[in-house]
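Report on the structure given below.
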Amino acid sequence: MSTITPRVRFAPSPTGYLHVGGLRTALYNYLFARRHGGTVILRIEDTDRGRYVEGAAEALAETLAWAGLHFDEGPALGGAHGPYVQSERSEIYAAHVARLLAEDKAYRCFCTPEELEASRQRQIAEKRDPAYDGRCRRLDAEDIQRRMADGLPFTVRLKVPRMGQLQLRDLIRGDIVVQYDTIDDQVLLKSDGFPTYHLANVVDDHLMEITHVIRGEEWLPSTPKHVLLYEFFGWDAPEFAHLPLLLNADRSKLSKRQGDVAVEDYRAKGFLPEALVNFVALLGWNPGDDRELFSRDELAQSFSLDRVSKAGAVFDVEKLKWFNAQYLRALPPARLADLCAPWLRAAGIDTDDTARAMQVTTAFANYLEVPADIAPHLGFLSPAPIVLASDAERAAIAAPEARRVLTAFATRAADIEPWNRETIKAMIKSVQTETGVKGKALFLPLRLALSGAEHGPDLGIIAELLGRARTLERIRAMRG
RNA sequence: GCACCCAUCGACUAGAGGCCUAGGUCGUCACCCUUUCACGGUGAAAACACGGGUUCGAAUCCCGUUGGGUGUACCA
């Protein structure tokens, strides 16, 4: 690897949301730059007018910021190599295309999409490999002039050598050799005047002085075209590092329809950026030891491209949940309360009373994978009176033993001090000693009286959160 | 079809010729803790795709097979 300080970039298309695979690519670029004291650039690749989504670029930047990935140069940040939005760089691409044309390294193609499609179909029917047949490659200058004078639309294609081979080096995969005759004459400039990814990417990476192209493996098959372009321009190509893909459970490329793929989806479900970043960082990379919990800074300390694996990684939400649970319980009480606030309010808790909100949420911190998990535990806090659902439950609480337990509990609960889960549990112990009732016969009546349910949080927690007054009130209600 | 990439437990992975009777984590199961649920603790089941080489010795190197993936657009 070179010793120069790296300049890397994350270059998403503004077509909607940030894909979790994109997040990981962005993260690896970010970590690589941080690790080596380099620069990360955000570049918006909006050369496809058809797929462009208004506001998507801003949303992308916002989501990246949420994830804690901060760039050094970019559309909103500025920098010496702008503009950082490709649609604002049209003249630059045009100039470079002109140069390729002048040097006979590219040619104009007047084939219409219909003609190309027909040709493709014919090739498939004849069981030949579909590829551009190169008919416009042979047009003479006169012909080209006439068609241009007629105002015929055209694209510009890369003039790939007919024979020979090309070798490229990938930091993750090693040396790769490709025969020229398997490479199509790629369109570089579309008939609408916008460049394709291949051209824009190479030109921008060069002009922005990118040293390492770290991107998804789906780009590996087109990398030879990019390398050829660098050669045609007479530029040194950057280092390439093609990351293994993120996969669905069936090992196909991670896609919508088989689960959530948008970072925004996970954010909305209450996944913490720390957890998502930590999880995604370990999908295709590992530190070489058994550590799994990493802060962003720790990742930046340890990250290295040569510990990136080659095989694709399945995105397993179960493990993500585990990470989230770890981070959730480590959160300061105020922040956890904040995240749980909607469900607290739904359960009738006044979240403006921050002490109360924190008391409730911290009681359940260990129960949560995502904040919404708190909801089912909050039922007993409802102000509605307890109504037992079954005859069995009513019978359980009407039993003579149960009456004695409730009475003894009420008496002692009136004056223990302070009122918290420990003292309450100790108090229940003494109720057991006093009444001689134990096990289910002891706890079930209390649980039913206080929460109306057979299952739920620890009785100490229930009584503590209910508070002494409401606890006594519920016991009284059950004793009739 | 063709090109390229890849191949260790269900999942993420450690492993760069002997340390491997293959380790860790998630998940699963069992037991313990516990009135219950969760947490936590302990433990278990669970993998080197296959076939040839090379070597005293292969999960590790080479070749082939098989399997999977990506690409094959005037999308990125």
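Every chain is numbered from 1 and lettered A, B, ... according to where its sequence line falls, protein lines coming before strand lines.
- Distances shown here put every side-chain N or O of Asn286(A) at or beyond 4.0 Å from the OP1 or OP2 atom of U13(B).
- Applying the Watson-Crick and G-U wobble criteria (two distances, each under 3.5 Å), U55(B) pairs with nothing in any strand.
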_Strictly under 4.0 angstrom, non-hydrogen atoms only: write out the protein contact profile of nucleotides 63-76 of chain B, one letter per nucleotide from the 5' end, B, S or -._
------SBSSSBBB

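- Atom pair Asp175(A):CG and C5(B):P shows a separation of 10 Å (rounding to whole Å applied).
- Nucleotides C62(B) and U54(B) place their P atoms 15 Å apart, quoted to the nearest Å.
- By the 4.0 Å N-to-carboxylate-O rule, Glu117(A) lies close enough to Arg120(A) to be salt-bridged with it.
- The partner of U60(B) cannot be assigned: no Watson-Crick or G-U wobble pair with both contacts below 3.5 Å exists in any strand.
- Separation of the P atoms belonging to U25(B) and U70(B) is 32 Å when rounded to the nearest angstrom.
- If you take atom P in U66(B) and the same atom in C29(B), they sit 39 Å apart, rounded to whole Å.
- Distance, Lys310(A) NZ to G15(B) P: 13 Å, rounded to whole Å.
- A salt bridge does not link Glu401(A) to Arg404(A): none of the charged side-chain nitrogens sits closer than 4.0 Å to a carboxylate oxygen.
- A salt bridge is absent between Arg9(A) and Asp204(A): the closest approach of a Lys/Arg side-chain nitrogen to an acidic carboxylate oxygen does not fall below 4.0 angstrom.
- Across all strands shown, the partner of G71(B) is C2(B), judged by Watson-Crick or G-U wobble contacts whose two distances both fall under 3.5 Å.
- We find that Lys310(A) and Asp170(A) are not joined by a salt bridge, their nearest charged nitrogen and carboxylate oxygen being 4.0 Å or further apart.
- Between the side chain of Asn278(A) and the backbone N or O of Glu292(A) there is at least one donor-acceptor pair closer than 3.5 Å.
- Dashed line: the shortest gap from a side-chain N or O of Arg307(A) to OP1 or OP2 of A16(B) is not under 4.0 Å.
- If you take CD of Gln179(A) and C1' of C2(B), they are 13 Å apart, rounded to a whole angstrom.
- Base pairing annotation: A47(B) forms no Watson-Crick or G-U wobble pair, as no partner gives both donor-acceptor distances under 3.5 Å.
- Candidate nucleotides A11(B), C6(B), U35(B) were compared by shortest atom distance to the side chain of Leu459(A), and U35(B) ranks first.
- Straight-line distance between the P atoms of G23(B) and A45(B): roughly 11 Å, to the nearest whole Å.
- As rounded to whole Å, 12 Å separates atom P of C4(B) from atom CG of Leu166(A).
- Residues Arg291(A) and Asp289(A) are paired through a salt bridge, judged by an N-O separation under 4.0 Å between the basic side chain and the carboxylate.
- A salt bridge does not link Arg215(A) with Glu45(A): every distance from a Lys NZ or Arg NE/NH1/NH2 to an Asp or Glu carboxylate oxygen is 4.0 Å or more.
- The separation between Phe294(A) atom CZ and C12(B) atom C1' is 13 Å, rounded to whole Å.
- Residue side chain Phe443(A) meets the stacking definition with respect to U35(B): its ring centre sits within less than 5.5 angstrom of the base's six-membered ring centre, and the planes differ by less than 30 degrees.
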